[in-house]
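All heavy atoms count here, side chains included; hydrogens, waters and symmetry mates do not. Sequence lines set the chain letters: A, B, ... in the order given, protein chains first and strands last, and positions in each chain run from 1.
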Amino acid sequence: MNFLSSGLAALYEPEHEDFRESARRYLRTEVLPQRQQWRDAGAVPRRLFADLAKIGAIGLAVGEAEGGAAIKDPRFRAVLSEEAVGCGLDGIALMLIAHDDLGVELLTDAAAGPAPAGALSGETVIGWSPGPVTAVADGARLSGEVNGVINGNLADLVIVAARSEGEPALFVIDPNAEQVKRRRSSALVGPEPCDRADFRFSGVAAQRLERSYAQARRVEQMSIAIAARAGARNALNLTLAYTAERRAFGQLISEFENSRVVLAELAAELTLLDLFIERCLRAATDGSLTGLDAAIAALRATAAYRRAADQGVQLHGGYGYMFDYEIAHSYAASGFFAISAGGSAAARSTIAAELLR
Amino acid sequence: MRRTVFDPEHEDFRGRVRAFLEAAVVPEYSDWERAKRPPRRFWQRAAKFGLLGIGVPAEFGGLEGSNFRHSAIVTEEAQAAGLALGGLRIHTDICMPYFLEYANRRQQARWLPRLTGGDAVVALAISEPGAGSDIKGMNTRARREGEDYLVSGAKTFISNGLEADLIILAVKTDPEAGRSGLSLVVVEAPCSGFARGRAFDKIGQHAQDLAELFFDDVRVPIANRLGDEGRGFEYLTANLAQERLSIAINSQAAAAATLAVTVEAMRAGRGEPAPGQHVKFELAACAAELSAGQALVDTALAANAGGELAAADAAAVKLYCTELQGRVADRCLQLHGPDGYGAETRIGRAFADARVSRIYGGSSEIMKVIVAKELGL
Ligand SMILES: Cc1cc2nc3c(=O)[nH]c(=O)nc-3n(C[C@H](O)[C@H](O)[C@H](O)COP(=O)(O)OP(=O)(O)OC[C@H]3O[C@@H](n4cnc5c(N)ncnc54)[C@H](O)[C@@H]3O)c2cc1C
């Protein structure tokens, strides 16, 4: 049985599953075959977003009323993330989170009006900076250094968090403005490919967003949690399949008692995780997701991904260290989720702050 | 804590090794990573310095008065500088003992000067696509034909595989005889019927050459066999203790370097806020574990110097230190944030490099099998 296909099944309606099918087909036949080439080149082509828009995978964050492609239903985003991460496209999943979950969502609301022109068709790409808040706002001008902006090289608009009178707030800048210098970020251990750029700017004009930094954090943490949960499941699935075929000492690896203990522990952890993710997704659907729950989801899901990928590599033996095997991609990616802004450090401080308010 | 396993002359050697690595490796390490192996020039420079002659008698170009503790120093200094020199350890710590212990005088006279002189790089090829942990499950066959063996089969994950001129190859000379059907022969590359695969694309250890090797009726003179026919498994097992100690030293040193780099990064510079309590506690916990690991490594080093490092003890040391390396790399990475996860940053490299230590040279599971057996279970 494929462990990934169970889990959140109760949450999804037939229309989600239909979307899953088309997203899966597209990602596996059109995107995955290019992963190696993009990884070597250190760059993702811009047309990815337009191509994904054509299969209805962009604009999932905004309702039809705001010009979006879908009814406002975070389950579609979850399905897309599951499918991208589920075939080893963790970096692409992060790019979609940056553009769609965060970019389109934060730049679109009743007050701000419809999504930015071209954002829903993927012609306009939105970048998101997940890093610590290092930039500083002086009125409507931003200065600072921001590293690892996701979609940074492709972006036409970039959302940056900056301190404004001491408090973090969200701003959007034009990355082509003359006060902005951007260069490609150096490659990560994983996930690659993933478009990232480092920005330096001084006194660049910025528009402040209505949405609060805490709101963005919540969305980011939830999206990271969903992706990491899918990564953990994928790692376990890969390991189940591998250990059920590989032999040593005349036995299948899955027949060693130690392997069974490891796999059982992971399955138990991931099953419990799903209950909580399900609760969060339901809450996100009706708009009642709290920052506390999103942070808990991010903390636990990223830790589960790390553990599942780490144990998965171990049970693959030497093969697990080679990128010819999908578990190696999972491992390299899993390290990033836990340390990105939606990851553990920020999550723990959010949780503690809520608890001790 | 003060270490007592090294003599003053070891410490003098340490200083020179440090200077050598700074000059000969640090500036070009990123190029090695891109090329997926050290250049030939490195082996020649290492030879000139004497690194390739550690533990080898002077008559064969060895480094006078050197022993395995000198190798430990090389590993420690490499890791302190952020370098994972797996290929070098394969050459000196892992392969050299086979030539010193099992090669006859004629073989030694032929091969050792090339090995110490940097004219030949060496690999040890045991693992096969179908046989990793389970060495006895190997399929590479050596059939006698006249004065030669005809060798056929495939090996995988062979460190130094692309560069090697000499390959210590584990073969089955008698497929029916289980562990007493294994022998070791030295293949001199290039030779007809021998081919190398591509360089593997791996999570880390990018400067280490790793490849598959293929043998199709390769003619290897029987005179190239190390030791007796049928005793290969015994030789491998005997040498594994030092091989595992070498990995443990490497892991311990890598973890210590990871902690040092992280402490440096977290220490408040002028005008910066001091690190929080969580950071301090994590680093303090790593430091405490590292002290325990160092005591274990040094005890094992002393035992090895006295010729009494038992196989099960070496397995326990490898198990402990490689798991320690994994924990320290993970905890330190968490403190760095996304900027620390670059493929060419110290921490990114440390994290990616660390992952393999729990797998190669016998996985953690196999180490536990060995230790459990020693417990009488
Ligand atoms: C970077 C690198 C360098 C290497 N260099 C060399 C080299 O120079 N020369 C060489 O010969 N080899 C080399 N190897 C191979 C390495 O030694 C093997 O990968 C290792 O021995 C594991 O074998 P395997 O990969 O076939 O895993 P498998 O044996 O298939 O093991 C798969 C999993 O099953 C577990 N397992 C196996 N047996 C048991 C058991 N009895 N009980 C419980 N669990 C078990 C293992 O621990 C592992 O988790 C290298 C490998 C790597 C990755």
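- Here the closest heavy-atom approach between residue Gly132(B) and residue Arg246(A) is recorded as N-NH2, 4.0 Å.
- With a 4.5 Å cut-off on non-hydrogen atoms, Leu335(B) does not touch chain A at all.
- Counting heavy atoms of neighbouring residues, nucleotides and ligands inside a 6.0 Å radius, atom CZ of Arg183(A) does not exceed 12 of them.
- Annotation: maximal heavy-atom pairing with chain A below 4.5 Å, among Thr345(B), Val356(B), Thr156(B), occurs at Val356(B).
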Check your understanding: Step by step, would you call Tyr319(A) with Phe157(B) a ring-ring contact (aromatic ring centres under 6.0 Å, His included)?
Key -> CA-CA 9 Å; Tyr319(A) 296 90; Phe157(B) 300 146; 4.7 Å; yes

Practice item. Show the numbers, then the answer: is there a ring-ring contact (aromatic ring centres under 6.0 Å, His included) between Phe351(B) and Tyr331(A)? Key: CA-CA 11 Å; Phe351(B) 181 81; Tyr331(A) 182 77; 5.5 Å; yes

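- Identified under the ring pair (Phe, Tyr, Trp, His ring centres under 6.0 Å) test for residues 357-377 of chain B, with sequence neighbours left out: none.
- Shortest non-hydrogen contact noted between Ser340(A) and Pro338(B) is CA-CG, 3.9 Å.
- With values rounded to the nearest 0.5 angstrom, Arg306(A) atom CZ is found 4.0 Å from Gln334(B) atom CD.
- Of the residues considered (Gly348(B), Ala131(B), Gly204(B)), Gly204(B) shows the highest number of contacts with chain A, using heavy-atom pairs under 4.5 Å.
- Around the CD atom of Glu255(A), the shell of radius 6.0 Å holds more than 12 heavy atoms that belong to other residues, nucleotides or ligands.
- The number of heavy-atom neighbours closer than 6.0 Å to CZ of Arg327(B), taken from other residues, nucleotides and ligands shown, is above 12.
- The number of heavy-atom neighbours closer than 6.0 Å to CZ of Arg300(A), taken from other residues, nucleotides and ligands shown, is 12 or below.
- Contact of Gln36(A) with chain B is made through the side chain alone, with heavy-atom distances under 4.5 Å.
- For Ala345(A), no part sits under 4.5 Å from any heavy atom of chain B, backbone or side chain.
- Contact check for Arg358(B) versus Asp310(A): side-chain heavy atoms found under the 4.5 Å cut-off.
- We find that Arg307(A) and Asp330(B) are not joined by a salt bridge, their nearest charged nitrogen and carboxylate oxygen being 4.0 Å or further apart.
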Point to revise | Trace of the side chain to side chain contact (heavy atoms under 4.5 Å, CB included) decision for Arg247(A) with Asp134(B) | key: CA-CA 9 Å; Arg247(A) 306 184 81 86; Asp134(B) 182 8; over 6 Å; no

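- By a heavy-atom distance cut of under 4.5 Å, Ser363(B), Ser364(B), Glu365(B), Ile366(B) are the residues of residues 362-370 of chain B near chain A, going up by number.
- With salt bridges taken as basic N to acidic carboxylate O contacts below 4.0 Å, one links Asp201(B) and Arg39(A).
- When all heavy atoms are compared, the tightest approach of Tyr341(B) to Ile339(A) is CB-CD1, 3.6 Å.
- If you measure heavy-atom distances from His336(B) to chain A, you find no contacts under 4.5 Å at all.
- Here the closest non-hydrogen pair linking Asp339(B) and Asn147(A) is OD2-ND2, 3.4 Å.
- Other residues, nucleotides and ligands contribute at most 12 non-hydrogen atoms within 6.0 Å of the CD atom of Gln277(B).
- Looking only at heavy-atom pairs under 4.5 Å with chain A, the residue among Gln205(B), Arg349(B), Glu344(B) that has the most is Gln205(B).
- For Asp198(A), no part lies under 4.5 angstrom from a heavy atom of chain B.
- A cation-pi arrangement, defined by a distance under 6.0 Å to the six-membered ring centre and an angle within 45 degrees of its axis, is absent between Arg355(B) and Tyr321(A).
- Within 6.0 Å of atom CD in Glu354(A), more than 12 heavy atoms from other residues, nucleotides or ligands are found, so the atom counts as buried in its surroundings.
- Val313(A) has its side chain within reach of Ile359(B): a pair of non-hydrogen atoms, C-beta onward, lies under 4.5 Å apart.
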Practice item. Show your working on salt bridge (Lys or Arg N to Asp or Glu O under 4.0 Å) between Arg198(B) and Asp324(A) and close with a plain yes or no. Key: CA-CA 12 Å; Arg198(B) 68 198 160 86; Asp324(A) 304 295; 3.2 Å; yes

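- Considering all non-hydrogen atoms of both residues, Val189(A) and Ala352(B) come closest at CG1-CB, 4.0 Å.
- Your options are Ala248(A), Gly317(A), Gly148(A), and the one with the most heavy-atom pairs under 4.5 Å with chain B is Gly317(A).
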